[in-house]
Amino acid sequence: METTKPESWNTPSGYKPENKKVVAGILAILLGALGIHKFYLGYSKEGIIQLLLGLLCGIGGIIGLIEGIIYLTKSDEDFYQTYQVGKKGWL
């Protein structure tokens with residue numbers, strides 16, 4: 001029986017790209033005010049903005065919590081397509 005892979009995972013020898021969903025979600029929930037999850041996903045500009053928001057007015061932590069929940073509730077493929085391929089920086 002042949003299994004089918006999502007189109008984005010259509011690479012030689014069954015290679016599956018790294019999905020950073022769980023680590024990014026946990027970092028967002030625990031360290032969201034510091035924007036660590038943004039840096040982990042490769043969004044330096046957004047990480048600096050979130051760090052400043054967290055330090056100056058505290059809203060960065062709330063954004064991080066919301067983003068962490070969103071990350072963890074998405075399917076693996078949806079997260080990969082949205083945040084790793086599509087590079088969606090915010091919520």
Side-chain angles (χ1 to χ4, degrees):
M1 178 163 60
E2 186 176 317
T3 59
T4 59
K5 297 181 284 185
E7 191 172 311
S8 65
W9 293 359
N10 194 13
T11 54
S13 67
Y15 172 75
K16 181 176 153 184
E18 180 185 10
N19 193 329
K20 300 178 177 185
K21 176 179 117 170
V22 175
V23 175
I26 292 170
L27 286 173
I29 291 171
L30 298 178
L31 301 170
L34 301 176
I36 302 298
H37 62 292
K38 298 287 190 186
F39 292 110
Y40 179 72
L41 290 172
Y43 304 136
S44 298
K45 181 178 72 171
E46 290 87 348
I48 292 169
I49 292 170
Q50 188 149 357
L51 176 62
L52 292 174
L53 287 173
L55 294 176
L56 297 177
C57 59
I59 193 134
I62 296 168
I63 294 171
L65 179 64
I66 294 168
E67 284 184 327
I69 293 168
I70 290 171
Y71 291 172
L72 294 174
T73 57
K74 285 188 174 289
S75 70
D76 290 346
E77 178 63 18
D78 192 26
F79 177 87
Y80 178 77
Q81 288 297 323
T82 304
Y83 298 105
Q84 290 179 249
V85 174
K87 294 290 186 184
K88 181 179 177 187
W90 295 103
L91 304 173

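Note that the structure is a prediction, hence the values are computed from the model and not measured.
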Task: Donor-acceptor contact present, side-chain Tyr43 to main-chain His37, <3.5 Å - done: no

TODO: Could you tell me the separation between the CD1 atom of Ile36 and the CG atom of Leu41, rounded to the nearest 0.5 Å?
DONE: 11.5 Å

Task: Leu72 to Lys21 - nearest heavy-atom pair and separation - done: O-NZ, 3.8 Å

Open item on the list: Between Phe79 and Ile66, is there shared hydrophobic-cluster membership here, with clusters defined by ILVMFWY side-chain heavy atoms closer than 4.5 Å?
Closed with: yes

TODO: Report yes or no: do Ile48 and Leu55 belong to one cluster of Ile/Leu/Val/Met/Phe/Trp/Tyr joined by side chain heavy-atom distances under 4.5 Å?
DONE: no

Task: Nearest-0.5 Å distance that lies between atom OH in Tyr83 and atom CD in Glu67 - done: 7.0 Å

Task: CG-OG1 distance between Asp78 and Thr82, expressed to the nearest 0.5 angstrom - done: 4.0 Å

Open item on the list: Is there a side-chain contact between Asn19 and Gln84 in this structure, where contact means two heavy atoms from C-beta onward sitting under 4.5 Å apart?
Closed with: yes

- [ ] Any chance you could measure Lys38, atom NZ, to Leu51, atom CG, to the nearest 0.5 Å?
- [x] 13.0 Å

Open item on the list: With clusters defined by side-chain heavy atoms of hydrophobic residues (ILVMFWY) lying less than 4.5 Å apart, directly or transitively, does Leu31 cluster with Ile59?
Closed with: no

Task: Rounded distance (nearest 0.5 Å) linking atom CD1 of Ile70 with atom CD1 of Ile63 - done: 11.0 Å

Task: Minimum-distance pair of heavy atoms, taken over all atoms of Trp90 and Gln50 - done: CZ3-OE1, 3.6 Å

- [ ] Run through Tyr71, Tyr40, Phe39 and flag the one making a side-chain contact (heavy atoms from CB on, under 4.5 Å) with Leu27.
- [x] Tyr40

Task: Separation between CD of Glu46 and NZ of Lys87, rounded to the nearest 0.5 Å - done: 9.5 Å

